[in-house]
Structure formats: structure tokens, C-alpha cells
Amino acid sequence: MNFNKHVPSIIMAEPPKDKTSRRKNATTESPKVNSQKDTTPQESPTETTSRTNMTLNQKTRDRAHSMATEDMPVCVICHDDFHEPKLLPCLHTFCKKCLQQLAQSGDNKEILCPECLDPQPITTDIEKLPDNTLIQHLNSIILASGKSSKKGGKSKKEKDINCSSCDKDIAAVCRCEDCKEFLCQPCVDSHKSMKALRGHSTITMKEWRKRRDAMAVKPQIAKFCSKHKGEEIGNYCVKCRKTACKDCADLEHSGPTHNCIPLEEAVQQSRQQIENALQNTRQAEAKFRGAWEIMDKRNSKLKETVDNLKKQIQDVMIREREEIAKREETFLEDLKTVDQEKRKEMNAFYDKLEANLEDFWAAQDLADSVLDLGEDYHVISLEKVLCERLDLLSSWRPSLPSEDLAEIDFVEEDDELESDHVESIVEEEVEEAEIWEMDGVIGGRGAGEGQFDWCRGVTVSLDGHCVVADWGNHRVQVFNKDRSFKCVLNTSKTMHGRLSMPHDAACLPDGRFIAIDKSKFVRVYDPDGKFLFRFETVCEDNIAKGEAVELSCVAVDRRSRVFVGDVKRNVVTVHYSDGLHIKTIPTVAPSHIAITSQDFVVVSCTQKQKVRVMNFEGKFAFQIDVYGDGEKLRPRGVGCDKDDNIYVVHKERGGEKSVHMYDDKGTYVACVATNLNEPYDVELSPDGRVVVSDDDTVKIFRQVCTT
């Protein structure tokens, strides 16, 4: 039986839901006692305390009697009534004997609570633990009600009390109130026959038990000192934390080191201390309930994230299946066309062979007829023409098509790599090695000018301005060509110009800057960082449908067209510099983007772990998914130089973090930078320097030489 579930709330702590209702009840009950005090100021403190104690004891008796109809509290170790209950620091209660056995069974000098395994160790000296006097009192009330804690709820059968007046082992039938003796029937008869004892009052054992049980539930306010017989306990030593009678107070608790106060005052102070501690606990509990609400919100957010990702996966899979179905249909149509062409060619050979066989069969039939049916004249007259024809047919040779006619080399155009190109990659020796070195660092961790809190997107304008998305500081910083601070794009003058956790930035050829953040807007600023306007990448019809938007990257091509990646919708939208929509290019989770001088779109997809290159129409050109000697690429940011070489940030969790260079066909060239901290994006300056956003800094690399 679990003690926590069956002990009333005034004994043990309840579960969170029950605790709220209990405290509401306590809040409504407490003012009744206080109001009684306030409305009767003429009463003495002793009378008020007595009345309060009687009210509380009446509540205790009511709660205890209600327990008598249900399971009663038991020790969770022995599963029996509490015997000498001891209270642990964690407020769980156990029998003294059970705790002693538990302490003896272990090798350590300290034990843990068997109920909650409280990490606070408990001394093995069980005697030093405080008694749970409330449990003792409630047990006496429950026993008085005749209920048992045994399973089944049956009453305990009380043993008979033997006669205390004689030496015979006979059960008593009554008790003398004057002699204070239990009497058997023979002793009762003798008691009544003696003249000196005739005036004594006797009661039956049933009546005695009823009085005893009634005394058990009476409030035990006044007690007598165990050292000084007959002396009532009426004092309390604050220093020793012990109750005392008048003699104890004078003899043992006097002097400047002791402080004895009336027992009623001590009870009131203790009650006030408990109420203050309870109030503080409620305040602390409110913080934990607040933490619980925060955990609920985070749990809901996690569920929402999982549901969103699940929907994204399902949507992607639906699109993939639709795309696969379309590709299947295309493949089958192409295969049908190839089959028709090859069968047409096959049929031409069949027709020619059939005509040749017809010639053979006609000549052979005529020759056989002449030999079998013809006369001598017929043989002689037809011999010349037959032999000429048969000799001619014997010289014929069958014409067969090439074996390639029976084979089909069917490869998807997007993923096709010509064999000679593959062989050139495998066999080609590296003739040139690019050597790069660090050329400078911008920034460091902080919130001041030129400092960052996690750099994300980085770009460089045609006039050499370096633009960095300062994600943690909610701004985009612009630096001059000499790497000095120029301005901040975020502005507090207008709400529309404010940025929140910016992801990426780009530069228009006319000197204007573009920035995106966690909102659905693309913002445009003038060369001095002043906000100009903003635009959305989703049309109003889609917005009305509640279509989700999550902008992830932005880039500008040589024609001032703005390319914006959206990982929620799995698209790259293309706009004019004034925000007017041009077209939408489908692609999976575009996390970073760059544009070549030939208008090829380079998209880094961290989910697919590859870099895909497509033309402006969205047609696949090639992909990059390895680096070095064929090691798996974990791409992040991408950038392109004036020769259309592609630069890719590689970030492997717990492993390599570097930047690698590829040519305009996707062939690996060289490693530009290694041993980076947390690289995110890469861009090329007009003078060919490689600019990398790395954690809280921007690192710049330059090419030293070519060997």
C-alpha cells in the first residue's frame, strides 16, 4: 500500500492536482479561525488558543474518522500500522523499528529514504529523528473508531483484560472506579459483600472501553511532566526546544542561556513559523509550476516542430513521387520511341531477308520440279538458266544489322556523365595546386560596432564593402574596403526596417543592400544603411491560404535580379530589384545560394548533403557531393568568383570544417581554408579574396601562388 496515496493531506504531501484543491480549502478555512480571534478581542489568549485548538482538533477528528471508512495509513516497509513513527527530513514517515532494521542492513553510516530516495542522506542514529506526533495522535483516533489498517478493513478483536484484584487468570467483567482495579465476577461479589467497599462505584468493561475510546480522541492540550509528578506542562524553552513544567523551568531552563515562554505562546509562534515557511514554499512552488508551463510550451513546440517536419517530409515525398511518376512516364515514352525506331530498322532487315528467301525457295522449287517431273528435253533446255540463277543465289550473303540494334543505352540526362569526362577525372593528374593564406580577420564576440554574435550570411559589393548578417545582435553590419566599420542596416526609426535574427544579405550593383531575416519580407536599404522598402516572395493568394514561408538565403546576379531561397516551400523565387516577381524555381531545401556569370544557379542543400547547379530555367546541370579524394561533402555556404569557380563551405559535426574550391564543371580543384571553428557562409571579393563567416569573426584568405 502506498502511504502517499492513503494518508490525508494534513500528514503527507499530495499530488500536484490535489495539492491545488487542498490549498484552496486551507485558504478558505484559515480566515475563519482568524476572524474568530478578531471579533472577540475581550477573550484572553489562553481562551482563544483553546478555542482554536479545539476547532483544529475537531477538524482532525473529522478527517481521521473519514479515514476510518477507507484505507488507513501504514508503513510502506512493513505494511502495518505505524509503531513509534519517525519523521525523515523529506517528510516521509516510517516505523522506528523498520528504519533501524534498514540502517543495520546497510554498510554505510547513512541511508536514503525508501519512499523517494531523497539524495539528502539520513543518519543511521534513528533515535535522533523526530517523532511524528501527528501520526501517533491520528492512530489513536483511528483505533478508537474500531477500524484496522489490515487489508479487508475488518476490526481487530481486542484481548480480554484479566482481573487485577486476584491471582487467578480470569477475565475482568467490570472496573472499580475508586480502587482503580479490574474485577472478575468472584471479586465483584466479594467487593460488594465487604462493608468498607460497598460505596465504591463500578462500571462494566464495555462502559470502561467506551470511556477510554472517548478519552483517546479528546484534544490533549494539557500534559503532565514525566519528571515531576502532578506538575502540568505549561512552558517551552526556546533555546532547548523542549516543553517544561514550572519546576523544570526553574531548575533546568533558567538563566541567561535559556528562554522559557508560555506553552500557548510557543504554540502560536510555531504555528506562525510553519505558516511563513508554507508561504515561502508556495512561492517557490509557483516558480516550479511556471517551469512546468515552460516545459509544456517547449514540449508543444517540439511536437509542432515534429509535426511540421513530418508534413514537410510527406510533402516532399509526395512531390518526389509525383516527380518520379512524371519521370517514369517520360522514360516510358522515350523508351517507346527508341523501340519504335529500332523495330522499324529491324523490320526493314526482316523484309529484305524474307524477299531473299522467297527467291531461294522459287528457284529451288523449279529446279526440284525439273529434276523430278521433267523429261530429258526439259532438263536440257532449262539447265542453263537454272544453273545461272542457282549460282547467283549461292553467291548471296545475308545482311545483318549491328549488334547495337538490340541494345539500348538509356541514361537520365540530368545525371549523365560522359565516359570520356569520367575517365579524364580519374586519370588526369593534378597539374596546378592552389595555395591560400589568411589575409585578415574582422570582428570578435560582442555587441559593439565591428563585433558579432554568430556571423551568418556574408557578401561583398562591387566596390569592396563587406556585409555581414550579425544574427545574435539582430542586425546587418557593413564594413569598408579597408575593413573599418561603415554602418548598420537595421534601424530603429521605422518598424519595417528592423531586422530580427538576419540569415543572409546581398548587394545590388548600384550600391544598395538587401537583407532577409526570420520574417517573410525581403528588405532593401540604401548605400548608407537607410531602409527603403520591403517586399514579399509569396503572392497574396498563397498568403490567404496560409502558406508557410521561411526565407533562408539571398543572392543577386549581374542583371540585378534578386534570388531568394525558401526552405519551407522548397523553392527559389526570382525578383526584379523593385520586388516584382519574375519566376519560381523548384528545388529541395535551398539553404545557401550563389549565381555564376553565366546565370547558373548554385544551390547548397544541407538536407541532401549536396550542391546542385542548374540553369536559369531550373534544368539540372551537375552536382557536387564530394571533396578532396572523394570524401563526403557536408555543404553549407556557397560562392562564385569571376571565372565561375565554385567555393563551398564544408562543415562536418565533430570533424573537418573547411572551404573547398571547384571549377565551373564541378571538378575539385583545391582546399582554400581548414581548421575553422563554425564556418557558415563564403563569398568572393572583386579582387579574388575568399571571405568566410566563421563563428563570431569574418576571415579573409588570399591566393599566394600557383605551382
Side-chain angles (χ1 to χ4, degrees), residues 456-462 467 469 476 489 502-525 532-539 542 549-608 610-624 635-642 644-649 664 680-684 693:
R456 300 201 73 174
V458 62
T459 187
V460 182
S461 66
L462 294 178
V467 185
V476 173
L489 298 190
H503 301 305
D504 203 3
C507 301
L508 288 164
D510 60 5
R512 290 180 296 169
F513 304 108
I514 298 175
I516 61 170
D517 61 359
K518 68 177 184 179
S519 70
K520 60 183 179 180
F521 297 102
V522 179
R523 292 175 171 83
V524 182
Y525 302 81
L532 297 177
F533 63 92
R534 66 180 185 176
F535 63 88
E536 297 184 42
T537 61
V538 184
C539 63
N542 291 335
V549 176
E550 185 176 336
L551 307 184
S552 55
C553 52
V554 62
V556 176
D557 69 359
R558 57 192 177 91
R559 294 185 175 90
S560 297
R561 294 178 298 195
V562 182
F563 293 71
V564 183
D566 188 335
V567 295
K568 281 282 189 182
R569 298 192 296 141
N570 293 304
V571 296
V572 171
T573 56
V574 187
H575 309 262
Y576 291 114
S577 59
D578 60 358
L580 181 64
H581 181 265
I582 301 175
K583 67 177 304 178
T584 298
I585 304 174
T587 184
V588 178
S591 57
H592 302 269
I593 190 171
I595 313 299
T596 70
S597 62
Q598 300 300 317
D599 294 337
F600 279 88
V601 183
V602 183
V603 178
S604 173
C605 176
T606 56
Q607 291 184 8
K608 296 283 188 177
K610 62 180 66 176
V611 176
R612 295 172 62 90
V613 181
M614 63 190 78
N615 62 15
F616 184 75
E617 301 301 324
K619 185 177 181 181
F620 176 86
F622 60 88
Q623 69 182 26
I624 301 172
R636 290 297 186 269
V638 291
C640 301
D641 62 15
K642 60 183 179 180
D644 291 342
N645 293 314
I646 300 173
Y647 297 78
V648 183
V649 172
D664 58 349
Y680 184 84
D681 199 10
V682 61
E683 181 62 287
L684 276 295
S693 60

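Heads up: numbering here begins at 1 and tracks the sequence. Everything numeric here is computed off the predicted structure, so don't read it as measured data.
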Discussion item. For Lys642, is the NZ atom crowded, meaning more than 12 foreign heavy atoms sit under 6.0 Å from it?
Written reply: no
**Heavy atoms from other residues, nucleotides or ligands near CZ of Phe533 exceed 12 (cutoff 6.0 Å)** = yes
Look at the aromatic rings of Tyr680 and His592 and report parallel, tilted or perpendicular, splitting at 30° and 60°. perpendicular
The side chain to side chain donor-acceptor pair (under 3.5 Å) partners of Asp517 (sequence neighbours excluded) come to Ser519, Arg523
Worksheet item: Can Lys568 and Asp566 be counted as an ion pair, charged N to O under 4.0 angstrom?
Response: no
Q: Given side chain to side chain contact (heavy atoms under 4.5 Å, CB included), test Lys520 with Thr537 step by step and report yes or no.
A: CA-CA 7 Å; Lys520 60 183 179 180; Thr537 61; over 6 Å; no
Quick one: does any side-chain atom of [X] pair with a main-chain N or O of [Y] as donor and acceptor, under 3.5 Å?
X      : Y      : answer
Ser552 : Pro590 : yes
His575 : Ser577 : no
Ser591 : Ser604 : yes
Arg558 : Ser597 : yes

**Message:** Go through it in stages, so that I can follow the logic: the residues are His581 and Thr573, the test is side chain to side chain contact (heavy atoms under 4.5 Å, CB included), and I'd like the CA-CA distance, side-chain angles, deciding distance and then a yes or no.
**Reply:** CA-CA 7 Å; His581 181 265; Thr573 56; 4.3 Å; yes
So which atom in [X] and which in [Y] form the shortest heavy-atom distance, rounded to 0.1 Å?
X      : Y      : value
Gly639 : Val682 : N-CG1, 3.7 Å
Val556 : Cys507 : CB-O, 3.6 Å
Pro635 : Val611 : CB-CG2, 3.7 Å
Ile514 : Val554 : CG2-CG2, 4.0 Å
Val562 : Tyr576 : CG2-O, 4.2 Å
Leu508 : Ser560 : CD2-O, 3.9 Å

Note, [X] side chain near [Y] side chain (heavy atom, < 4.5 Å):
X      : Y      : result
Val524 : Arg534 : no
Met614 : Phe600 : no
Val538 : Arg569 : yes

Supply the atom-to-atom distance [X] [atom1] to [Y] [atom2], rounded to the nearest 0.5 angstrom.
X      : Y      : atom1 : atom2 : value
Lys610 : Gln623 : NZ    : CD    : 4.0 Å
Tyr525 : Arg512 : OH    : CZ    : 13.5 Å
Leu684 : Tyr647 : CG    : OH    : 5.0 Å
Thr596 : Phe616 : OG1   : CZ    : 12.0 Å
Ser461 : Phe513 : OG    : CZ    : 5.5 Å
Cys640 : Ile593 : SG    : CD1   : 10.0 Å

side-chain contact (heavy atoms from CB on, under 4.5 Å) test vs Val564 passes for just one of Val571, Asp504, Val522, Val574, namely Val522
Q: Assess the side chains of Ser693 and Asp681: does a donor N or O sit below 3.5 Å from an acceptor N or O?
A: no
Lys518 meets the salt bridge (charged side-chain N to carboxylate O under 4.0 Å, His left out) criterion, sequence neighbours left out, with none
Sorted by chain and number, sequence neighbours left out, salt bridge (charged side-chain N to carboxylate O under 4.0 Å, His left out) with Asp557 holds for Arg561
Can you check side chain to side chain contact (heavy atoms under 4.5 Å, CB included) on Phe620 and Val613, steps first, answer last? CA-CA 6 Å; Phe620 176 86; Val613 181; over 6 Å; no
request  = Test Asn615 against Asp599 for side chain to side chain contact (heavy atoms under 4.5 Å, CB included), laying out the working first.
outcome  = CA-CA 7 Å; Asn615 62 15; Asp599 294 337; over 6 Å; no
